[in-house]
Protein chains: 2
Amino acid sequence: MVNQRADARRNYERILEVAEDVVAEQGTQASLREVARRAGVGLGTLYRHFPTRDALLEALLRQHFDDLAEAARELSAGPPVEALEEWLRRFLAGSTTYRGLAQLLMTADASSPLDASCQAMREAAGQLLARAQEAGHVRSDVDRTDVFALVSALSWIAEQAPALADRTEHLFGLVMTAIRG
Amino acid sequence: MVNQRADARRNYERILEVAEDVVAEQGTQASLREVARRAGVGLGTLYRHFPTRDALLEALLRQHFDDLAEAARELSAGPPVEALEEWLRRFLAGSTTYRGLAQLLMTADASSPLDASCQAMREAAGQLLARAQEAGHVRSDVDRTDVFALVSALSWIAEQAPALADRTEHLFGLVMTAIRG
DNA sequence: ACCTGAACACCGTTCAAGT
DNA sequence: ACCTGAACACCGTTCAAGT
């Protein structure tokens, strides 16, 4: 990692930059061939640096997950339910920015670098949920997985049709109501 | 339609039969090439009978949608909220049987034969919702689109991970709570 | 060490050629 | 009238050959 050739490092950075753009345009299912093409790099070079799509996305989203984990810790100073709601709102915003991300996170198992990369975030969010539950403001029969699933589902809905994207805030309110009991 | 050649009619039926199997195995995104292959028919023949994937799926699901529409009419004789809940449960069951169907219905616009094919069903379900609202048992600020979106989202969740599929019933309960207010 | 791109095995879709 | 399958334009992934 430290003593790699200068051209290798340049290629790595270049691929990430281009991937950022392409994912912003086409979502997380964007063509890796196109990423290599736009980066002016051979297809094999892309695979050498990022053996799987998830590895590339993990490098792309690492900072995003860390930011969300940090946000959860900061919010934990405030009122329990409001903190949870605000955090979920930010998580949702991120999921809709990176089209298809909700699905990836939902299907990511231990073999995916994405899974490892967002564990700290999941943990921190879990604390927010637990605190809201202890305060008696959130049903005790919902767990972390339920909450992530529901909010991810909202992101999925918004991705399906622009008409539904307009109602995301409304649907988010319904889900919060459901969680509160 | 009536006076088509016997071989054409046989091919049409054969493709539908095979598609049923392949969709059951691989979901609505199954390879059309494989359908043609298994049906022992040229790829062009498949496209001649079903110009788009949606056209094939529409032929496959027409009966299913009609059944759901009929079920809605029958249930409308019973108690409003229970009727709505029971119907949504059946809709959800269908969406999880045909993997990927929830997404197709969500994205289907007027150009898709799937859209036309399930309009009667949507209409009948809308009546159930309206009745439950008139009875004051469902929030007045949710509409048909919201309800379909939320229940389709549950189907999406179940498709993502087997672990989550087990919790579908629980999540369905949460959504019903949200809708009741 | 690292990069390249051809090669392979798949898609969906179209259409000229056959019967 | 209908059927066939090659052709085209795409994928993801691997790997021999180059520097």
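Every chain is numbered from 1, with letters handed out A, B, ... down the list of sequences.
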Check this one for me: any side-chain N or O of B/His49 less than 4.0 Å away from OP1 or OP2 of D/dC2? no
Answer yes or no: does a side-chain N or O of A/Ser31 lie under 4.0 Å from OP1 or OP2 of D/dG12? yes
CZ of A/Arg14 to CD of A/Glu17, rounded to nearest 0.5 Å, is 6.0 Å
How many Å lie between CZ on B/Arg9 and C1' on D/dA1, as a whole number? 15 Å
Counting only side-chain N and O atoms of B/Arg48, is one of them less than 4.0 Å from OP1 or OP2 of D/dC2? yes
Would you indicate, yes or no, if D/dC10 has its OP1 or OP2 atom less than 4.0 angstrom from a side-chain nitrogen or oxygen of A/Arg33? no
Sugar-phosphate only, base, or nothing, as touched by A/Ala30 at under 4.0 Å among non-hydrogen atoms: sugar-phosphate
Reckon A/Asn11 has a side-chain N or O less than 4.0 Å from the OP1 or OP2 of C/dC3? yes
Check the distance between D/dT14's P and A/Phe50's CZ and give it to me in whole angstrom. 16 Å
To the nearest Å, give me how far apart CG (A/Leu56) and P (D/dG12) are. 11 Å
Let me know the distance between CZ of A/Arg10 and P of C/dA1, rounded to the nearest Å. 19 Å
Passing candidate, side chain to side chain contact (heavy atoms under 4.5 Å, CB included) with B/Phe50, options B/Leu32, B/Ile15, B/Val35: B/Ile15
Would you indicate, yes or no, if D/dC11 has its OP1 or OP2 atom less than 4.0 angstrom from a side-chain nitrogen or oxygen of A/Arg37? yes
Parallel, tilted or perpendicular, judged at 30° and 60°: which one describes the rings of A/Trp156 and B/Trp156? parallel
Spacing of CG belonging to A/Leu114 relative to CZ belonging to A/Arg62, to within rounding of 0.5 Å: 10.5 Å
Rounding to the closest angstrom, what is the interatomic distance between C/dA9 and D/dA6 at atom P? 16 Å
Grab the CG-C1' distance between B/Leu43 and D/dA7 for me, whole Å please. 12 Å
If each of A/Glu34 and A/Gly44 is mapped to the nucleotide of DNA chain D with the nearest heavy atom, which maps nearer the 5' terminus, i.e. the 5' end? A/Glu34
Watson-Crick/G-U partner (both atom distances under 3.5 Å) of D/dC2: C/dG18
May I have the distance from B/Gln29 (atom CD) to C/dC10 (atom P), rounded to whole angstrom? 19 Å
Under a 3.5 Å limit for both distances, which nucleotide forms a Watson-Crick or G-U wobble pair with D/dC8, could you say? C/dG12
Here the distance between atom P of C/dA1 and atom OH of A/Tyr47, to the nearest Å, is 24 Å
Rounded to the nearest 0.5 Å, the CG atom of A/Leu150 sits from the CG atom of B/Leu154 at a distance of 7.0 Å
Take the protein atom CG of A/Leu46 and the nucleotide atom C1' of C/dA6, then report the distance between them rounded to whole Å. 17 Å
